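Report on one structure; see the data block that follows.
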Amino acid sequence: MPTSHVSRRDCLQLGLAGLFGGSFVSALRARDAATAAKAKSCILIWMDGGPTHFETFDPKPDAPDEYRGEFKAIPTAIPGVQFSEHMTKLAKLLDKYAMIRSIRHEQGNHGAGNHYMMTGAPPRIPVGCGAFVSFHPSMGSVIAAEKGAPAGLPAYFSMPSMSRSGGPNFLGAKYAPFVVGGDPNGASFRVRDVALPDGLSGERFQGRAEVRSEVDKFQRILDKAAGDPALALDEHYHQATDLMNSKEAQAAFEISREPVKTRERYGRNAFGQRALLARRLVEAGVPFITVYDGGWDHHSDIFGALRTRLPSWDQTVAALITDLDERGLLDSTLVIALGEFGRTPKISTLSGQSKPGRDHWANAMSVLFAGGGTPGGAVIGATDRKGYAAVERVLSPENFVSTVYAKLGIDPGKILYNAQGRPTHLVSEPTPIKELM
């Protein structure tokens, strides 16, 4: 709630809270987050590799050819705002979501950039470009821990794999993502652990569960600092058995029950059907779903690759936003699309390549942000004429991650405690993007 509306009773209550281990500022911030919260779920479309901002949401039609590239700029639903030519459906839909054009950071390799954007915390030490690192809990794991799981389902899903830094770190294995592999567009699509394995009857399964229950009586070291691996195994086992007995899980994954028209609307391809599956998981009450979408590292043949890829990607994301809106779910569901960074302003043909592309570039990137009360048509920030850097309303990964947390009613300034009991900030600079709140 705004500080100007805090009553005397509020001050007394918050003052008492401060005496018992909190602080006035953190208590106000927590109340502000709870008051501002509209979202119950978040769908993160992770564009792994670093999507180009030029050929998607931030074209530079007035720049020289070597910066502008081969694609033209097109108008959007918001006068004066342009997207690249293959973003046709999302351009017409811009009044339903917001676009951030001015996030920048200094982590220009995949490992470090993934960690920063996925957690809101820069890596503590230099990491390699191909590294999979975890120095801090990911957004998905934090939201799973804070929001809890719906009946019969995990709180955090990732399809078809986990992102590099999408894990729980010290929060524990309980808050790791449940990974749904396979292609939901295929006729034989089947989610592991949601049904009994072939050849295992209900009676045999029950018998094995009873044997396992005896094993569970063995001594466990409950102190988190000890890191007893048996606890993680227990959590995975119980999650698996719960899923096999869960009618909610089985219903959520029965994508074949969707009307043919709906499936075609999303696109009859793996990415399109994963987005549709994410919508079904939102309907089932799951608070965080990552749709991992790799292959955006276009060092070579960027224009040839994107001529094929962008139209179907545009169709899927526009269908997801529209479908959620029509079902009355967009106001309670965040949809965000981004990768670890943008791409270099100047097009070049790298050594060993025959076709031009763009390299890694962390000084500018675009992020699509929809739902949860986000004002439609808002375009936050800007890059310079050649797309070199964010120059207007410059924002950080911390601002972005804080916004996601605040939208979901989580105080981004909350103090967490690691396995050794040491305090750490959820986000070190917990300032949400006010234009999106």
Side-chain angles (χ1 to χ4, degrees), residues 17-18 20-23 25-27 29-30 33-34 42 44 46 105-107 111-128 131-149 154-158 162-179 219-239 287-288 290 340 396-406 408-432:
F20 290 99
S23 72
V25 173
S26 63
R29 188 170 53 229
C42 177
L44 167 63
W46 182 254
H105 57 80
E106 298 178 353
Q107 306 294 337
N114 261 263
H115 191 278
Y116 205 176
M117 295 306 301
M118 191 67 71
T119 67
R124 299 173 184 171
I125 58 174
V127 299
F132 286 62
V133 295
S134 177
F135 301 106
H136 195 78
S138 67
M139 287 186 289
S141 294
V142 169
I143 290 165
E146 292 289 322
K147 304 294 285 185
Y156 175 18
F157 281 83
S158 191
M162 187 177 84
S163 60
R164 294 172 191 246
S165 298
N169 195 263
F170 58 77
L171 291 179
K174 181 178 181 180
Y175 302 112
F178 180 85
V179 176
Q219 181 70 34
R220 297 288 192 267
I221 302 172
L222 299 178
D223 190 338
K224 275 183 152 184
D228 185 358
L231 291 175
L233 289 172
D234 288 347
E235 288 167 351
H236 284 302
Y237 170 78
H238 288 300
Q239 183 184 76
F288 199 92
T290 296
E340 56 266 46
S396 68
E398 287 90 342
N399 297 137
F400 162 70
V401 173
S402 292
T403 306
V404 174
Y405 287 144
L408 286 152
I410 299 168
D411 174 14
K414 183 175 182 174
I415 301 296
L416 302 178
Y417 293 87
N418 65 17
Q420 290 73 43
R422 294 173 182 164
T424 182
H425 289 277
L426 178 54
V427 182
S428 61
E429 175 49 52
T431 306

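Source: prediction; values computed, not measured.
Sorted by first and then second residue, the pairs that involve residues 131-143 and meet side chain to side chain donor-acceptor pair (under 3.5 Å), not counting sequence neighbours, are Ser134-Asn169, Ser138-Ser141. Under the salt bridge (charged side-chain N to carboxylate O under 4.0 Å, His left out) criterion, the residue pairs touching residues 133-148 are Glu146-Lys414, with sequence neighbours excluded.
Annotation for Asp411 and Leu426: closest pair O-CD2, 3.5 Å, computed over non-hydrogen atoms. The heavy-atom pair separating Gly148 from Pro287 by the smallest distance is O-CG, 3.4 Å. Shortest non-hydrogen contact noted between His105 and Glu340 is NE2-O, 2.8 Å. The heavy-atom pair separating Pro423 from Ile415 by the smallest distance is CB-CG2, 3.7 Å. The two residues Val404 and Cys42 have their closest heavy-atom pair at CG1-SG, 4.5 Å. Looking at every heavy atom in both residues, Met117 comes nearest to Val401 through O-CG2, 3.8 Å.
Taking the side chain to side chain donor-acceptor pair (under 3.5 Å) definition, one finds that Thr290 meets it with nothing, sequence neighbours left out. For Arg422, the side chain to side chain contact (heavy atoms under 4.5 Å, CB included) partners two or more places apart in sequence, or in a different chain, are Asn418, Gln420. Residues passing the side chain to side chain contact (heavy atoms under 4.5 Å, CB included) test with Pro126, sequence neighbours excluded: none. By the side chain to side chain contact (heavy atoms under 4.5 Å, CB included) test, Ser402 is found to be paired with Pro412, Val427, Pro430, Pro432, residues two or more places apart in sequence or in another chain being considered. For Thr119, the side chain to side chain donor-acceptor pair (under 3.5 Å) partners are His115, not counting sequence neighbours. Taking Thr424 as the reference, nothing meets the side chain to side chain donor-acceptor pair (under 3.5 Å) condition, with sequence neighbours excluded. Taking Phe157 as the reference, Phe178, Phe253 meet the ring pair (Phe, Tyr, Trp, His ring centres under 6.0 Å) condition, with sequence neighbours excluded. In terms of the side chain to side chain donor-acceptor pair (under 3.5 Å) criterion, residue partners of Ser396 (sequence neighbours excluded) are, by chain and number, Glu398, Asn399. Applying the side chain to side chain contact (heavy atoms under 4.5 Å, CB included) rule to Ala144 yields the partners Ala155, Tyr156, Tyr175; only residues at least two apart in sequence or on another chain are considered.
For the pair Met118/Trp46, a side-chain contact is recorded, criterion being any heavy-atom separation below 4.5 Å from C-beta on. Here the side chains of Ile143 and Tyr405 are in contact, with some heavy-atom distance below 4.5 Å. Counting only heavy atoms from C-beta outward, the side chains of Val133 and Ile125 never approach each other to under 4.5 Å.
Under a cutoff of 6.0 Å and an axis angle of 45°, Arg124 and Phe135 do not form a cation-pi pair.
In this structure, the separation between OG on Ser163 and CZ on Phe132 is 9.0 Å, given to the nearest 0.5 Å.
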